[in-house]
Amino acid sequence: MADGADAPAARALDPAGPPTWIVLGRTGDRVVAVDLDAHAAERSRTTLDAARLAEWVAAREKAEAPRWVWSDAPAWYAALLDAGVRVARCHDLRLCHAILRDSALVTDAAALRAAREWDAATHVEPVAAVAPALFDLDLDPDEPSGPPSGVDAALAEFARQRDAIGASPHAQRLRLLTAAESAGALIAAELRAAGLPWDAAAHDAILTARLGARPVAGRPPERLEELARQVREALGDPAVSLDSQPKLLRSLHRAGILVESTNRWELAEHEHPAIPPLIEYKRLWRLMTANGWTWLDEWVRAGRFRPVYVPGGVVTGRWASSGGGALQVPRSLRAAVRADPGWLLVVADVAQLEPRVLAGMAADTALADAARGRDLYAGIVAGGIVETRQEAKIALLGAMYGATTGDSGRLVPRLRRSFPRAMALVDDAALVGEDGGVVTTWLGRTSPSPSQGWQSAQAQATEAEASGADETRARRWARDRGRFTRNFVVQGTAAEWALAWLADLRGRLERMPFPGGAEPAPRSGPVFQRRPHLAFFLHDEVIVHTPAESADEVAVAVQEAAASAGRLLFGGFPIDFPLEVRIAHTADKT
DNA sequence: GGAAGGTGCGCG
DNA sequence: AAAGCGCGCACCTTCC
């Protein structure tokens with residue numbers, strides 16, 4: 001990890017922290033704010049009406065940009081954004097608790113583990129305006145969700161976390177990780193508030209072109225009906241349901257198509273007149289059920305798709321999403337992502353993030369050399385390690401996922417000769433996992449311990465009376481877990497890089513001028529929507545929605561943020577993070 | 001009639 | 001062309 005990282009990143013993630021921390025807590029309709037100095041000593045306490053919180057936060061933010069310490073970003077920040085108030089930094093106690101409780105870099109996590117109330121799921125936001133269907137959730141309004149909301153609980157947990165970090169020999173990494181995770185919590189709330197510009201008419205046009213006109217409720221669209229007819233005719237089975245896997249499978253067998261499943265790849269291996277229309281049927285059925293007119297009605301309001309992002313929702317630290325399938329928007333619908341009039345989208349994705357991160361972690365200069373420039377896979381071909389770009393890609397993915405058979409498994413050994421350090425890192429992670437141990441990302445997120453079931457299966461297999469089946473199962477589970485831990489270190493560190501990238505970019509966008517120069521007067525609603533702002537994030541890709549006049553400047557900022565994230569994690573180690581950046585009206589890949 | 005599990009497929 | 005990580009979601013079937 002780098003020390004003395006460059007200024008913008010340092011501002012965004014600022015491991016040392018600002019001079020003031022303000023811990024917020026709630027009691028009924030009163031909010032208590034406790035000012036702490038840089039040594040966490042209490043300086044003052046303020047009690048105010050919850051209704052006045054946004055105004056008060058705005059004033060403190062403007063005066064000194066403190067780090068706000070709160071239980072759970074969605075429980076605090078959504079309302080601030082609604083009131084037009086944005087903050088630069090926070091410390092999200094719930095998310096940081098989850099990291100520190102399990103981190104192998106924390107020497108003594110007993111106090112954190114004992115504070116079970118902080119293991120709570122996130123506060124559930126009321127989302128009626130966005131997605132009425134979610135309102136069906138069986139929520140008891142008297143049963144508050146989320147972690148403790150009182151100020152004393154927050155102060156106690158904050159003290160536990162500061163102690164845990166301070167006592168760690170890797171305190172700087174943990175400070176960076178908790179700051180990055182907390183920045184992600186802010187960004188997720190802002191992404192939801194801003195929304196992704198979505199052109200419902202363009203979406204409808206795509207659906208109509210592929211499926212036929214929107215049918216009346218309950219009927220399949222024209223094109224789907226026609227394909228189903230063709231499949232049934234070719235199978236000689238006029239009544240078969242194509243949506244029931246067991247029934248379809250039996251019908252395929254009766255027609256002499258001896259597949260074991262109905263998945264597309266297996267079907268494609270067979271020649272039969274029923275196959276092409278069936279594959280097309282499944283493709284369109286998927287489009288309609290996952291992102292059809294129902295989805296459009298439910299999730300797109302006033303030209304914005306507002307997904308619910310879940311920072312830290314994946315064990316590796318990646319974000320998950322809940323509702324709307326935000327992270328699975330099919331490429332075929334990207335043409336519906338469309339900037340507002342006079343605005344543009346800056347769409348940026350990192351080329352081969354995970355192998356680059358691996359090179360950085362392992363300090364593998366040979367892999368870093370191959371990665372120099374735009375295309376890491378081409379670099380591997382140029383090094384004479386494999387013949388084609390496709391082989392390079394399969395081999396590298398196989399190395400990070402733990403492939404043992406097929407083309408991928410065959411090619412992996414070549415990488416082992418050429419990139420011994422990188423391969424040793426993932427191979428070691430796999431061995432630790434097979435053995436029941438835990439592994440840790442670059443900044444300190446640690447994989448979960450194996451389950452009780454896993455441990456007892458391993459123990460049982462070593463006993464004298466263990467059956468062959470016991471041993472086979474134990475071996476299989478051990479290898480499964482090895483592949484998980486092998487991938488964990490890479491996927492998790494890539495997620496950390498992406499958080500650093502996002503946080504840094506957010507800071508750069510915030511410092512850009514409003515169109516026309518003067519900052520608009522405060523008004524209701526998120527004011528940041530009136531200057532360049534993040535609109536979408538997907539593991540290694542961001543979309544910024546920007547006034548057209550700022551698009552070039554944004555494109556530069558996105559690049560600089562990537563370089564800055566690389567330095568923040570890997571210091572002077574020479575690993576590039578090149579981006580593919582497009583400036584366009586739509587997010588469509590052209 | 002709802003929960004749980006299986007299947008398949010969209011994304012990285 | 002296809003076996004190797006992480007997800008969420010829709011639908012169907014099975015079981016209580």
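Here is the naming used below: chain letters follow the sequence lines, and residue numbers restart at 1 for every chain.
Summarising the geometry, the separation between CG on A/Leu397 and C1' on B/dC11 is reported as 15 Å, rounded to the nearest angstrom. Straight-line distance from the CE atom of A/Met400 to the P atom of C/dG6: 14 Å, rounded to whole Å. Residue A/Tyr281 contributes atom OH, which lies 15 Å from atom C1' of B/dC9 at whole-angstrom precision. When rounded to the nearest whole Å, the span between NE2 of A/His539 and P of B/dC11 equals 12 Å.
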Would you write the dot-bracket representation of DNA chain C, where each base gets (, ), [, ], | or . depending on whether it forms a Watson-Crick or G-U pair under 3.5 Å and with which partner?
....||||||||||||

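Distances were taken from every side-chain heavy atom of A/Trp285 (C-beta onward) to each of C/dC11, C/dG4, C/dT13; the shortest belongs to C/dC11. Side-chain atoms of A/Lys247 lie closest to C/dT13 of the nucleotides B/dG10, C/dT13, C/dC5. Residue A/Arg286 places its side chain closer to B/dG8 than to any other of B/dG12, B/dG8, C/dC7. Considering only side-chain atoms of A/Asn487, the nucleotide from C/dG6, C/dT13, B/dC11 that sits closest is C/dG6. Listed candidates were B/dG12, B/dC9, C/dT13. Nearest to the side chain of A/Ser244 is C/dT13. Distances were taken from every side-chain heavy atom of A/Val314 (C-beta onward) to each of C/dC7, C/dC5, C/dT13; the shortest belongs to C/dC7.
Applying the ring-ring contact (aromatic ring centres under 6.0 Å, His included) test to pairs two or more places apart or on separate chains, none has a residue in residues 237-256 of chain A. Here ring-ring contact (aromatic ring centres under 6.0 Å, His included) pairs that include residues 386-419 of chain A, with residues two or more places apart or in two chains, number zero.
At least one side-chain nitrogen or oxygen of A/Arg264 sits closer than 4.0 Å to the OP1 or OP2 atom of B/dG10. For C/dC9, the OP1/OP2 oxygens have no side-chain nitrogen or oxygen of A/Thr289 closer than 4.0 Å. In terms of phosphate contacts, A/Arg483 brings a side-chain nitrogen or oxygen within less than 4.0 Å of OP1 or OP2 of C/dC5. Applying the 4.0 Å criterion to OP1 and OP2 of B/dG8, one finds that A/Lys282 has every side-chain N and O outside that range.
Nucleic acid contact class of A/Glu269 (heavy atoms, under 4.0 Å, all strands): sugar-phosphate only. At the heavy-atom level, A/Thr405 lies under 4.0 Å from the strands shown only through sugar-phosphate atoms. Residue A/Val490 is out of contact with every strand shown, counting any heavy-atom pair closer than 4.0 Å. If you check every strand for non-hydrogen atoms under 4.0 Å, A/Trp295 touches nothing.
Non-hydrogen atoms lying under 4.0 Å from DNA chain C are contributed by nothing in residues 330-338 of chain A.
The local environment of CZ in A/Arg229 is crowded, with over 12 non-hydrogen atoms from other residues, nucleotides or ligands closer than 6.0 Å. Residue A/Lys282 qualifies as enclosed at atom NZ: its count of foreign heavy atoms under 6.0 Å is above 12. Annotation: A/Glu222, atom CD; neighbour count of heavy atoms from other residues, nucleotides and ligands within 6.0 Å does not exceed 12.
At least one side-chain heavy atom of A/Trp319 sits under 4.5 Å from a side-chain heavy atom of A/Ile187.
Ring pair A/Trp497/A/Trp501 is tilted by interplanar angle, where 30° to 60° counts as tilted. Using cut-offs of 30° and 60° on the angle between ring planes, the pair A/His203 and A/Trp295 is tilted.
The aromatic ring centroids of A/Trp198 and A/Phe536 lie 6.0 Å or more from each other. For A/Trp442 and A/Phe570, the ring centers sit closer than 6.0 Å to each other.
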Distances for protein N or O near nucleotides 5-7 of chain B N or O, under 3.5 Å:
from: B/dT7; atom 1: O3'; to: A/Gln245; atom 2: NE2; distance (Å): 3.1

Could you list, one pair per line, each protein nitrogen or oxygen that sits under 3.5 Å from a nitrogen or oxygen of nucleotides 14-16 of chain C, together with the distance?
none

Please test A/Thr446 against A/Asp102 for side-chain hydrogen bond (donor to acceptor under 3.5 Å, both in side chains), starting from the C-alpha separation and ending with a verdict.
CA-CA 6 Å; A/Thr446 297; A/Asp102 292 338; over 6 Å; no

Where do A/Leu396 and A/Gln352 land on the side-chain contact (heavy atoms from CB on, under 4.5 Å) test, with the steps shown first?
CA-CA 10 Å; A/Leu396 210 43; A/Gln352 307 106 22; over 6 Å; no

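Both A/Ser241 and A/Thr404 lie near DNA chain C, and the one whose nearest nucleotide falls closer to the 5' end is A/Thr404.
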